[in-house]
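Sequence lines set the chain letters: A, B, ... in the order given, protein chains first and strands last, and positions in each chain run from 1.
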Amino acid sequence: MSNVSTSNNHDNLHIFKGLNSQQIKAVEATGGPLLIIAGAGSGKTRVLTHRVANIIHQGTEPYRILALTFTNKAAQELKERISNIVGYELSRDVWAGTFHSIFARILRIEGNKLGYNPGFSIYDTDDQTSTIKTLLNQLKLTPQEYPPNQIRSIISKAKNAMVDYESYADEAKSHFEKTVAIIYREYEKYLLSANAMDFDDLLINMIRLFELDKETLEKYRNKFRYIMIDEYQDTNRAQYKVIKLMAAAHNNICVVGDDAQSIYKWRGADIRNILEFQKDYPSARIIKLEQNYRSSGNILKAADSVIDKNKNQLKKELWTENPEGEKITIINCDDDRQEALKIADLISQKSESGIKYKEIAILYRTNAQSLPLENALRRENIPYVIVGGISFYKRKEIKDVMAYLRMLINPQDDQSLLRAVNEPPRGIGKTSLGHFQEYARKQNISLLDTFERAEEVLPVVGRAKKSARRLWQTVTDYRKLMEVENPASVVKDYINAVGILEMYKEIGTDEALDKFNNIQEIITDITTFFTQNTQADLNDYIQQISLASDIDNSDLSGNSVSLMTLHSAKGLEFPHVFISGLEQGLFPSGRSEGDISELEEERRLFYVGITRAMNNLTVTYCSRRMKFGEIQRQAVSVFLKEIDHSVTRWIGGQPPLQNSKKTSLSGTPVSTGSNILGSWRSRVTQSTPKKKSQYDQTVEESYSQLHDSLRTGDRVLHSKFGEGKLIEISGIGDQQKVVVKFDDHGKKNMIAKFAKLQKL
DNA sequence: GACCTGCTGATTTTT
DNA sequence: TCAGCAGGTC
């Protein structure tokens, strides 16, 4: 054997090390279409990363590789792990990202061909809804008859299915649909003139671009020699189409997915994409990854027995060499409060036996379920992090600031102006705004332009005119500054100039001060962004924020229990998992009742939940639950009847199969129930006094995990306020707050997560 | 035009 | 239960 071959073998060792035979096959098969059916916990990401490494190793330039994921977090993980194999220098140039962020990046370069400026705004669902409200107003339609949210959803569905407003109008039958068609048309016109795209447009416009301009299509076909798509089962028709267009020249397309984990049908994901991959690419190879490395034998058996009830699925057999492990614990509770207390108590017990909080996750069907859980965890002094839910970036004050920023980049963005105009109040009320909007429409100019010519807009009162003109002046001044000066400092001055900070300071309530601090933190965030990305402009920052979700930012590295919806949990794993609320009407959701395909999707969601667990799984359900502020009786979920009873252990209730009657505590009156509740309660109360000192420890411990073992009294460094002394820590998880007395800036309240304090 | 109050409807999941 | 909004008052 020659030297070359020896050195190849050596490199190959690096790329193929630790992979099983199926995984090696997938990593080796770099050319041509490939479908990887990857069961839960079968090392999918591992295969993807090693496959990219192999392609690079074979001599392909990294920038010719496109890897599309569903979430930013998955993309980030992919990049990191590729970097671990091939090194940062090579991995940096791989195009790895979400569909939305990669397409936004391309559309910023090519969007002018479709009539967009590079500074286009990206509208989220809120922006979409308020746009529709504006349009209803213009069209003299009432939101009662045409609920903005419903209209938004109809339009979005149409777009995802690639039905434009003309086709929609052709198909429209009822008066309602015909009117929706008009709103749809006006909506599209409005967004284009506002130089804005909604999430769906980021996909649709890629198709438009490629169909309109063959040269551009050729350019990207040539550029991306290798295309890889993660979570292929969750792609929708539009995504499918873009990929198909891009891959058509070389056919080096590799998709990875698991039909059993398809949980986004409601959002337009089309399972046909994965089921019919072979039809689209007859030469496709199919490789199945069926060995599960994550879960214990019992957990896998439970998962398997559940998913088995679904009729529509690809055949695959997941197996594991892992030990059988413990049985799945199923606990019946009186109500949601007791459920939360029991979970918290079990977590305390786990913690006492040496299990770390960060090894534990609580999963639920709806975000609303987190509240009683949070209360119980706080009561037991257990640190926790909520993943998802209301994002920092979706808070009103942050969105207001973002609206101001978008005006700098995209002065055509009327929705941003409408959002920001009265934060703080400027005396430009509904009536005046109506006149401005009317004028803008007649003159075919942007709303901000009408503020410049406020004098010409006749029916508006003098005060409003002055105020409008002043706002226009501020925006224009800072737009000019932005062109020549450092974006971070311009942004800082600009936000101060518009007066939103001052407004919250003047209100002075706790709530207002929180908002004030949040805005301070976003300014810090911006400063950090520009320090780290010296080449970037404000547009880059805004785009990143527009496409960010809270899951991406959640830091699961601290020692806290993770709380999240089952949807958010996809792609994650935890040694110990709780799934709560296994009740009819909650999980499966009431909306899936009577619809087999929706019920199957709920069942896949349960499957996803079960397969997040590595060693230990606990499932809970309640006999009663607070709903709409009322106590309602709950029936046990059908899914619990489906779990293989040989791997389950039932506590406080009986397996529904053996007793199809109500499994409440065997007819026991309330007193027994409250007795049990009492016993749980007393455990908690008893432990409270003696835990007093432990409390501070726990909180400080959680804090220290997150922030380099900080304690009250420490000297700390903040990127903006400089040095100071940490005088108070309160709350836990994302909500954790710190009070720092800065040498030069006095006392500040901050959210720990964003303060990013450094110990000195 | 800003602020207050009382009513209503929401609870699936999110890039 | 509670947030968000419409409608009324100052």
In residues 255-271 of chain A, what residues come within less than 4.0 Å of DNA chain B, judged by heavy atoms? A/Tyr264, A/Trp266, A/Arg267
Interatomic distance, [X] [atom1] vs [N] [atom2] [rounded to whole Å]:
X	N	atom1	atom2	answer
A/Lys465	B/dG1	NZ	P	13 Å
A/Lys73	B/dT14	NZ	C1'	15 Å
A/Asp127	B/dT15	CG	C1'	14 Å
A/Asn149	B/dG9	CG	P	14 Å
A/Asp336	B/dT11	CG	C1'	14 Å
A/Ile579	B/dT13	CD1	C1'	15 Å
A/Tyr364	B/dT11	OH	C1'	14 Å
A/Met197	B/dT15	CE	P	20 Å

Between B/dT15, B/dG1, B/dT13, which one does the side chain of A/Thr125 approach most closely? B/dT15
Using the closest heavy atom to pick a nucleotide of DNA chain B for each, name whichever of A/Thr565 or A/Ala464 lands nearer the 5' end. A/Ala464
When you match A/Glu602 and A/Leu433 each to their closest nucleotide on DNA chain B, which lands nearer the 5' end? A/Leu433
Report which part of the nucleic acid [X] touches: base, sugar-phosphate, or nothing (heavy-atom distance under 4.0 Å, all strands).
X	value
A/Phe70	sugar-phosphate
A/Lys570	nothing
A/Ser592	nothing
A/Ser432	sugar-phosphate

Side-chain N or O of [X] versus OP1/OP2 of [N]: is the shortest distance under 4.0 Å?
X	N	result
A/Lys430	B/dC3	no
A/Ser568	B/dT14	yes
A/Thr366	B/dT13	no
A/Asn367	B/dT13	yes
A/Ser589	B/dT13	no

Please state the P separation for the pair B/dT13 and C/dG4 - nearest whole angstrom. 15 Å
Here's one to test your reading of the geometry: is the NZ or CZ of A/Lys570 within 45 degrees of the ring axis of A/Tyr264 and under 6.0 Å from its centre? no
A/Arg237 charged N/C atom sitting above A/Tyr240 aromatic ring, 6.0 Å / 45°: yes
Beyond-backbone contact of A/Tyr621 with A/Glu339, side-chain heavy atoms, under 4.5 angstrom: no
Looking at [Y] and [X], is there a salt bridge between them, counting it only when a charged N and a carboxylate O are closer than 4.0 Å?
X	Y	answer
A/Arg108	A/Asp540	yes
A/Asp335	A/Arg337	no
A/Lys157	A/Asp200	no

Do A/Thr134 and A/Thr131 get their side chains close enough for a donor-acceptor pair, meaning under 3.5 Å? no
Closest nucleotide of DNA chain C for A/Leu371 versus for A/Lys133: which of these residues is on the 5' side? A/Leu371
Please state whether the rings of A/Phe639 and A/Phe606 are parallel, tilted or perpendicular, taking 30° and 60° as the class boundaries. parallel
